[in-house]
There are 2 protein chains.
Amino acid sequence: MRDRRPCLPVGIIGIVSRGMDANEIRPAISANRVPTPTLERLATYLKCLHDVAQAGVTTISSAALQEMAGINASQFRKDLSYFGEFGRPGVGYHVADLHDRITAILHMDVDQRMVLVGAGNLGAALAGYPGLTEERLHLVAAFDNDPAKIGRKLWHLEVRPIESMGEVNAALGARIGIIAVPRSAAQAVAGTMIAAGILAILNFAPIILRVPPAVLVRNVSVTQELSVLCYHLEAAPTDDPPPHGGA
Amino acid sequence: MRDRRPCLPVGIIGIVSRGMDANEIRPAISANRVPTPTLERLATYLKCLHDVAQAGVTTISSAALQEMAGINASQFRKDLSYFGEFGRPGVGYHVADLHDRITAILHMDVDQRMVLVGAGNLGAALAGYPGLTEERLHLVAAFDNDPAKIGRKLWHLEVRPIESMGEVNAALGARIGIIAVPRSAAQAVAGTMIAAGILAILNFAPIILRVPPAVLVRNVSVTQELSVLCYHLEAAPTDDPPPHGGA
DNA sequence: TAGATTGTTAATCGATTAACAATC
DNA sequence: TAGATTGTTAATCGATTAACAATC
């Protein structure tokens with residue numbers, strides 16, 4: 001801890017290249033020194049720190065955080081250690097400071113622009129979700145291929161034809177794309193996005209997208225989540241064991 | 001493989017109880033012999049098998065599946081091995097048969113009933129999503145606490161007052177609940193669901209729910225996913241390295 | 001039979017948790 | 001100073017990948 005080595009910027013420690021020789025299928029493993037589970041937890045930490053701050057707490061130890069939020073204290077400290085030093089031995093963490101630093105690590109201290117493709121129910125729900133703007137995530141354009149939808153308003157956004165994405169995003173410069181189209185259209189949409197300069201995709205379509213290694217994809221699949229829940233339900237809809245019919 | 005031991009039903013091999021002594025915080029680790037990543041991949045396999053079947057293929061090897069869908073052949077076989085034997089050495093897997101068997105493993109060969117709480121944009125998108133019914137996942141009731149919404153229609157569902165959930169679900173017997181309410185209401189909704197007999201929860205609110213160990217929770221957080229994407233974007237909105245101002 | 005491919009075991013890899021010297 | 005708590009290293013645990021005997 002104390003010895004403070006040359007303080008290597010995390011993303012640069014050296015391209016890892018595990019077994020990823022000719023693997024164009026997996027998206028953007030690249031210089032991924034920080035474990036993905038750690039990154040996923042950072043957003044959770046942020047929420048907890050926000051809650052704790054609202055409760056009037058200004059300094060908190062990892063042990064107290066474990067007590068309050070169910071976050072393992074060791075894991076919390078280990079996760080933070082990928083990014084530097086954040087606390088003071090014997091004291092703990094300054095809540096507001098840590099919140100701001102994690103926000104900066106995630107690049108959420110600046111406004112991020114995003115484009116949306118798919119102006120259906122899901123697209124409408126995303127465009128109308130205030131939680132995005134609160135996190136400085138801004139939908140700046142919406143696209144669809146349905147002539148009936150083009151030109152209509154999706155909250156503050158006008159739905160544009162998908163062919164215009166390249167031109168539109170040349171002006172807007174969004175680097176995050178959200179795919180909220182049916183499965184059959186998703187791969188083509190991904191291609192259009194990448195051609196328009198999108199570097200990171202949040203995909204709601206139930207399909208494994210093929211993208212170049214430089215593009216990162218995260219998938220959200222409601223039916224997959226529900227599958228896992230279903231698995232854990234025992235088979236009987238009533239209280240009977242499986243072999244018996246219900247009554 | 002060949003020796004065919006007494007064929008232990010997977011969920012029963014013995015309560016694992018790792019370090020889970022007095023840990024009410026983590027949901028339903030319980031008799032979890034099958035790794036969660038394996039369960040998550042089963043739904044992916046299902047989609048691939050569906051595609052492959054539509055392409056007219058009746059038999060496929062794990063190597064061919066790796067080629068087609070980017071699924072690691074070893075991992076695929078290993079994942080299946082938790083549930084029995086599915087293929088024939090020298091031949092491969094019968095596509096339709098494997099599809100049906102994985103569907104049964106996930107308990108998705110029977111209709112599953114679900115209740116929804118939250119009749120906002122997200123709730124509406126979920127209720128209107130045809131992909132659920134296609135997988136035999138049926139929303140059978142919707143609830144909200146907003147008097148302006150109660151009594152209105154959410155597609156085929158009438159929005160009911162949340163206080164009626166116990167009574168309503170006593171008749172319906174849904175065991176899966178979907179939480180699509182703001183963060184501030186989510187914990188209370190979870191409690192109401194559990195009191196109404198819900199055993200598995202899909203939570204869209206950005207909060208870690210406290211539930212009894214017997215209840216399983218899966219979280220979907222759009223902002224968390226976007227955080228991970230943002231992290232991988234370099235800081236410069238244009239092409240300049242971070243220290244320089246844009247032009 | 002010879003070739004192909006499974007299910008499973010062993011080896012590797014990575015992530016989580018525990019322990020502790022450093023230090024506030 | 002004595003007590004508390006960090007950041008980090010080491011130990012544990014679990015998941016992925018490779019290798020191969022079994023067998024179609």
Side-chain angles (χ1 to χ4, degrees), chain A residues 1-5 7-8 10 13 16-21 23 25-26 29 32-42 44-45 59-67 70-95 97-98 101, chain B residues 1-5 7-8 10 13 16-21 23 25-26 29 32-42 44-45 59-67 70-95 97-98 101:
Chain A
M1 159 182 176
R2 301 305 115 189
D3 66 0
R4 209 175 266 288
R5 315 192 204 129
C7 193
L8 305 170
V10 166
I13 287 175
V16 189
S17 75
R18 290 179 286 169
M20 58 166 291
D21 359 331
N23 195 351
I25 290 162
R26 299 252 167 256
I29 303 176
N32 196 7
R33 273 300 60 221
V34 181
T36 301
T38 293
L39 292 174
E40 291 171 347
R41 283 188 293 264
L42 289 183
T44 304
Y45 299 159
T59 301
I60 194 168
S61 69
S62 59
L65 208 60
Q66 166 157 6
E67 201 57 35
I71 290 168
N72 184 81
S74 266
Q75 186 163 72
F76 177 73
R77 297 200 305 274
K78 176 77 169 162
D79 283 343
L80 292 182
S81 75
Y82 290 106
F83 305 100
E85 300 175 9
F86 298 83
R88 296 213 309 172
V91 178
Y93 301 86
H94 186 77
V95 174
D97 174 57
L98 182 57
R101 291 182 67 186
Chain B
M1 156 184 177
R2 301 306 114 187
D3 65 1
R4 209 176 268 284
R5 315 194 203 127
C7 193
L8 305 170
V10 166
I13 287 175
V16 189
S17 78
R18 293 180 283 171
M20 56 166 292
D21 359 333
N23 197 353
I25 289 160
R26 301 250 166 257
I29 302 176
N32 195 10
R33 273 300 62 218
V34 181
T36 301
T38 293
L39 292 174
E40 291 170 346
R41 283 188 294 264
L42 290 183
T44 303
Y45 300 157
T59 301
I60 193 167
S61 68
S62 59
L65 207 62
Q66 166 158 8
E67 202 57 35
I71 291 168
N72 184 81
S74 264
Q75 186 162 73
F76 177 73
R77 298 200 304 275
K78 177 76 169 163
D79 283 344
L80 292 182
S81 75
Y82 290 106
F83 305 100
E85 300 176 9
F86 299 84
R88 296 215 307 172
V91 180
Y93 301 86
H94 186 77
V95 174
D97 175 56
L98 182 56
R101 292 183 64 188

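Every chain is numbered from 1 and lettered A, B, ... according to where its sequence line falls, protein lines coming before strand lines. Worth saying up front: this structure is predicted, and the values here are computed from it rather than measured.
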Holding to side-chain contact (heavy atoms from CB on, under 4.5 Å), I want the full list of residues that pass it with [X], two or more places apart in sequence or in another chain.
X      : result
A63(A) : S61(A)
A73(A) : S62(A), Q66(A), R77(A)
S81(A) : K78(A)
R41(A) : P37(A), T38(A), Y45(A), Q75(A), D79(A)

Main-chain N/O of H94(B) paired with R88(B) side-chain donor or acceptor, under 3.5 Å:
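No.
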
What's the [atom1]-[atom2] distance between [X] and [N], to the nearest Å?
X      : N       : atom1 : atom2 : value
F86(B) : dT8(C)  : CZ    : P     : 10 Å
Q66(B) : dT16(D) : CD    : P     : 14 Å
Q75(B) : dG14(D) : CD    : C1'   : 13 Å
R41(B) : dT16(D) : CZ    : C1'   : 8 Å
D79(B) : dT17(D) : CG    : C1'   : 12 Å
E85(B) : dT6(C)  : CD    : P     : 12 Å
N72(B) : dA18(D) : CG    : P     : 7 Å
L39(A) : dT16(C) : CG    : C1'   : 16 Å

Check: L65(B) and Y93(B) side chains under 4.5 Å, non-hydrogen atoms
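Not in contact.
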
State, with a plain yes or no, whether a side-chain heavy atom of L98(A) is found less than 4.5 Å away from one of I60(A).
no

Where the side chain of K78(A) is concerned, which of dT16(D), dG7(C), dT8(D) is the nearest nucleotide?
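Closest of the options to the side chain of K78(A): dT8(D).
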
Looking at dA19(C), dT16(D), dA15(C), which one has an atom nearest to any side-chain atom of P37(B)?
dT16(D)

Could you report the tightest heavy-atom contact between Y82(B) and R33(B), atom names first, then the distance?
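Result for this residue pair: CE2-O, 4.5 Å.
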
Just the atom pairs and distances: protein N or O near nucleotides 2-5 of chain C's N or O, under 3.5 Å.
residue: dT5(C); atom: O4'; partner: G90(B); partner atom: N; Å: 2.8
residue: dT5(C); atom: O2; partner: G90(B); partner atom: N; Å: 3.3

Roughly how far, to the nearest 0.5 Å, is CG of L39(A) from CZ of F83(A)?
5.5 Å

Taking Watson-Crick and G-U wobble pairs with both distances under 3.5 Å, convert DNA chain C into its dot-bracket string, 5' to 3', dots for unpaired and | for cross-strand pairs.
..||||||||||||||||||||||

